Amino acid sequence: MLSENDENGKFLKPYDPAATEGRIYKVWEDSGYFNPDNLPNADSRKPFTIVMPPPNANGNLHAGHALFVTLQDLMIRFKRMQGYKALWIPGADHAGFETQVVYEKKLEKEGRSRFGMDPKELYAEILEFTLANKSIMEGQVKALGASCDWSREKFTLDPDVVTRVQQTFIKMFVDGLIYRGKRTVNWCPKHQTSLSDIETESVEENTPFYTFKYGPFDIGTVRPETKFGDKHVVMHPDDMRYAQYKHGDTFDLEWINGPITATVIKDSSVDPEFGTGVMTITPWHSQVDFEIAKRHNLDMEQIIDWRGKLLPIAGEFEGMKITEARAKIIEKLASKGLLVSIDEKYQNVVKRCYKCSTMIEPQVKDQWFVKMAPLAQKAIEAVNAGEVKFIPDHEEKIFRHWMENTLDWNISRQIVWGIPIPAWFKDGDAIASLESPGEGWVQDIDTFDTWFSSGQWPLMTTGYPDGKDFETHYPTDVMETGRDIIFFWVARMICFGLYLTGKAPFHTVYLHGLVNDAHNKKMSKSKGNVINPLELTEKYGTDALRMALVVGNTPGTDLALREDKIKGYKNFANKLWNIARFILESTEGYDPSAALSENDQVIRSEFDTIIADVTKDMEAYRIYLAAEKIYHYVWDRLASELLEDSKQIFAASDEVASASRKALLRSLLNDVLKVLHPFMPFVTEEIWQSLSDTQGLLMIQEWP
RNA sequence: GCGCGGUUAGCUCAGUUGGUAGAGCGCGUCAUUGACGUUGACGAUGUCGGGGGUUCGAAUCCCUCACCGCGCACCA
């Protein structure tokens, strides 16, 4: 019998994750096996590689991080045990705009503002903030049991990454895939930067639709405050109602601030069915109008400044915020008898900044753009060829749909926190170069969209183009990440990978859903329903949290994280603990070579069938099923039936039957620990270390 | 407007190639101090969103409708 003073006396008490996990993690880390080069027979192993999505180093880990760490660690531990050279590369993302937004909020709380700050000073402050967060996050990733190779950890601002990202930019510029363009961009007046199309949210809103008298025409608009400079009236060339007006005709009219001269433009992009079939254009503040103006070579003028206030062209309205100006402008037009009608029920799509919900102001600005069409074409081809597979597979349709309709990507950001764009300007010329091309050239002060660098992450982490891991570990195997960043990240990684190496950076994309609260509502600070995963690991143990995140959680589906579910798996960890205790106690001095009785052989092969089934599920990434199957075997079959049955056998005085059963239980326990290890690494390793017939770390045992 | 999901037990969700419905939590009854910060046995609750079709057989395949969620979208 076990006693308190025995080496294994700990089994007399319930399993204590808090006293176990840190110690076990250190044993693993010290073993060096997180680095696959140190694994037994490393050279003959086939590589299996996962690049960890680098968490944004601007805050604590949230429940979504816990999910991806768990899933990826599961895959890695499974493959490592299966004999692969399993490499999981951790990292951290400086997360350009995201981090800058977080830091600006912090400044705001301190009564400071980034505007007016010295850019170098601001950069240094954010860097310090980011590095501090990065180190906290590393500790949190470890607490979740991540068996990633810390010796290969990368940060998106590592000097080699920065240089390589800049070189990609230059290469794309030379290849004609990046151009400098004066085009309509999504401008956030609060954050004072342009944003890509996917960094805006289109929200349908009720906005009154005004119709004004514009000379002989009635024109409609939802934005009267932009209309000061409108001097072109556009209609469809085939619209017979306006056949008497010829393209290029001019006419005089009374407008907001007095008489102006307007010109008739015929353009087939105008929908004759909409409104009166006539509109005026504001090319500087509307993408559509900009396109029309460009087609007809019309001049364009800025009406609203970068802060969202009216410029001198607005006359008496100069300096007013557009929101306050609108009502006053309508009032003035009405008093002049130019207001025809108001449709109060009009539904309009408004773009908003995805971070602050400020209304995006379209502005014309010189920016760097990536030509997406040729890149997207290659990506679609790769998917068609089966080079990249999506789990769940319907995500492929979503990917395809986006890729087929993708617009050029604005990669310039007017913020300091990011990788500098290696570009130089002189007399309207723009070129890409790391060094100054000569006298008179001025360096671009913009930085890259953070996804321009993270899009190259699988290349950076494996040492593209000639690093030691590139040959062995690129293309990687699985990209496991959130469904919500399929466009931001997955699509771009595939494009960059194909462009730079001709190979997609991974063959499988496993997309998980969101981790929501217990009622399946999205977690948010404002709702106060944010669950901190680290608190859960402290309360229930990491193994319990991991199981709760994994069981029944199908890829692509959101998960409702319930504390009672985690508690259930804490009980399971304890159940396993007590199974071990029972087996240890009742098989003392057993004979490992005892022959199994016929019945025990059946029991053994029954478990072999379960193992084969679990293995199949794991290989097909049906982790949610694999977890449930092994759980049920352990609890319902092994504990509830086989252990109970064994008590009878041990009580009867049949030496042969007892010897057989003892050998059976030990063999079942060993393999249960192995199969459960990827799911519940801590408790299984802890038990493994207490068994007399086992050697080395469970972590590197051969999968049964 | 286009696209993608979902709708299964009170709640949160599984159901891998079509073969008479499952898990966890919760609930009810009984037992047990046992290897078990309990656990075990038994049990109740479902016309698997509505309708139609294919099939010997449909939660599962097809069509259609409804509702919920999400993504994309330059009609002023």
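Lettering of chains follows the sequences in order, A, B, ..., and the numbering in each one begins at 1. Since this is a predicted model, take the numbers as computed values, not measurements.
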**Message:** Between Trp409(A) and Asp449(A), is there a side-chain heavy-atom distance shorter than 4.5 Å?
**Reply:** yes

Check: Going by the angle between their ring planes, with limits at 30° and 60°, are Phe251(A) and Tyr214(A) parallel, tilted or perpendicular?
Finding: perpendicular

(message) Measuring to OP1 and OP2 of A73(B), would you say a side-chain N or O of Trp402(A) lies under 4.0 angstrom away?
(response) no

Distance check: side-chain N/O of Tyr15(A) vs OP1/OP2 of C36(B), anything under 4.0 Å?
-> no

Taking only nitrogen or oxygen atoms into account, show me every contact under 3.5 Å that the protein makes with nucleotides 5-11 of chain B, one pair per line with its distance.
{"unit_1": "G5(B)", "atom_1": "OP1", "unit_2": "Lys397(A)", "atom_2": "NZ", "d": "3.2"}
{"unit_1": "C11(B)", "atom_1": "O2'", "unit_2": "Arg562(A)", "atom_2": "NH1", "d": "3.0"}

Across every strand shown, the nucleotide meeting Watson-Crick or G-U wobble geometry with G40(B) (both distances under 3.5 Å) is C30(B)

Check this for me, if you would: do Arg326(A) and Glu225(A) make a salt bridge, where the nitrogen-to-carboxylate-oxygen distance has to be below 4.0 angstrom?
yes

Taking a pair to mean Watson-Crick or G-U wobble geometry with both distances below 3.5 Å, C70(B) pairs with G3(B)

Interatomic distance, CD@Gln363(A) vs OG1@Thr184(A), rounded to 0.5 Å, equals 9.5 Å

If the P atom of U64(B) is compared with that of U60(B), how far apart are they to the nearest Å? 16 Å

Main-chain N/O of Arg223(A) paired to Thr221(A) side chain as donor or acceptor, under 3.5 Å: yes

(message) Once you apply a heavy-atom cut-off of 4.0 Å, does Ser202(A) come out as touching a base, just sugar-phosphate, or nothing?
(response) base

Just wondering, do Pro17(A) and Asp543(A) contact through their side chains at under 4.5 Å, heavy atoms? no

**OP:** Taking the side chain as every heavy atom from C-beta outward, state whether Leu514(A) and Leu559(A) have any pair of such atoms under 4.5 Å apart.
**Re:** no

Looking at every strand, decide which applies to Tyr210(A) at a 4.0 Å heavy-atom threshold: base, sugar-phosphate, or nothing. nothing

Taking any heavy-atom pair under 4.0 Å as a contact, classify Val278(A): base, sugar-phosphate, or nothing.
nothing

Could you measure between the two C1' atoms, the one in C61(B) and the one in C67(B), and give it in whole Å? 23 Å

Lys266(A) and Asp239(A) ion-paired at < 4.0 Å
no

Within residues 642-650 of chain A, the residues having a heavy atom closer than 4.0 Å to RNA chain B are Leu643(A), Glu644(A), Lys647(A)

- prompt: So, are Lys522(A) and Asp558(A) salt-bridged, with charged N and O less than 4.0 Å apart?
  reply: no

Heavy-atom closest pair (Ile198(A) atom, Phe488(A) atom, distance to 0.1 Å) is O-CZ, 3.1 Å

Inset, instruction - Compare side-chain N and O positions of Lys575(A) against OP1 and OP2 of G40(B) and report whether any pair is under 4.0 Å apart. - result: yes

Using a heavy-atom cut-off of under 4.0 Å over every strand shown, decide if Asp617(A) touches base, sugar-phosphate, or nothing. base

Is the distance from OP1 or OP2 of G37(B) to the nearest side-chain N or O of Asn574(A) less than 4.0 Å? yes

| Hey, does Tyr569(A) reach any base, or is it just sugar-phosphate, or nothing, if we go heavy atoms under 4.0 Å? | nothing

Are Asp645(A) and Arg661(A) ion-paired here, with the side-chain N under 4.0 Å from a carboxylate O? yes

Between CG of Asn516(A) and P of G69(B) the distance, given in whole Å, is 13 Å

Does Phe290(A) reach a base, just sugar-phosphate, or nothing at all? Heavy atoms under 4.0 Å. nothing

Roughly how many Å apart are C11(B) and C27(B), using the P atom of each and rounding to a whole number?
15 Å

| message | For a quick check of understanding: with a heavy-atom distance under 4.0 Å over all strands, which category does Leu407(A) fall into, base, sugar-phosphate or nothing? | response | sugar-phosphate

Note: for Thr200(A) and Lys227(A) on RNA chain B, the residue whose nearest nucleotide lies more 5' is Thr200(A)

So does Ser286(A) get a side-chain nitrogen or oxygen closer than 4.0 Å to the phosphate oxygens (OP1/OP2) of A76(B)? no

Rounding to the closest angstrom, what is the interatomic distance between U8(B) and C68(B) at atom C1'? 16 Å

Any strand, both distances under 3.5 Å, Watson-Crick or G-U wobble: G22(B) pairs with C13(B)

query: With a 4.0 Å cut-off on heavy atoms, is Leu625(A) in touch with a base, just the backbone sugar-phosphate, or nothing at all?
result: base

By nearest-heavy-atom nucleotide on RNA chain B, the more 5' of Lys565(A) and Gly552(A) is Gly552(A)

Phe212(A) CZ to A76(B) P, in whole Å, measures 15 Å

Using a 4.0 Å heavy-atom cut-off, does Thr557(A) contact any base of the nucleic acid, only the sugar-phosphate backbone, or nothing at all?
sugar-phosphate

Worksheet item: Are Glu619(A) and Lys616(A) within salt-bridge range, i.e. N to O under 4.0 Å?
Response: no

**Study point:** C1' atoms of C70(B) and G53(B), separation to the nearest Å
**Key:** 30 Å

Practice prompt. Pick the C1' atom in C74(B) and in U55(B), then give their distance to the nearest Å.
Written response: 49 Å

Check: Which value, in whole Å, describes the distance between the C1' atoms of nucleotides G28(B) and U33(B)?
Finding: 24 Å

*asked:* Between Glu291(A) and Arg295(A) (salt bridge meaning N to carboxylate O under 4.0 Å), is one present in this structure?
replied: no

Partner of C61(B) under the Watson-Crick or G-U wobble criteria, both distances under 3.5 Å, comes out as G53(B)

*asked:* Does a side-chain N or O of Thr221(A) approach OP1 or OP2 of A76(B) to a distance below 4.0 Å, or not?
replied: no

Task: Any Asn553(A) side-chain nitrogen or oxygen under 4.0 Å from OP1 or OP2 of A14(B) - done: no

Inset, instruction - Taking atom P in both A44(B) and G24(B), compute the distance separating them and give it to the nearest angstrom. - result: 15 Å

Mate of C48(B) across any strand shown (Watson-Crick or G-U wobble, both atom pairs under 3.5 Å) is none

Ile198(A) atom CD1 is separated from G3(B) atom P, nearest whole Å, by 22 Å

Does Tyr624(A) put a side-chain nitrogen or oxygen below 4.0 Å from OP1 or OP2 of U16(B)? no

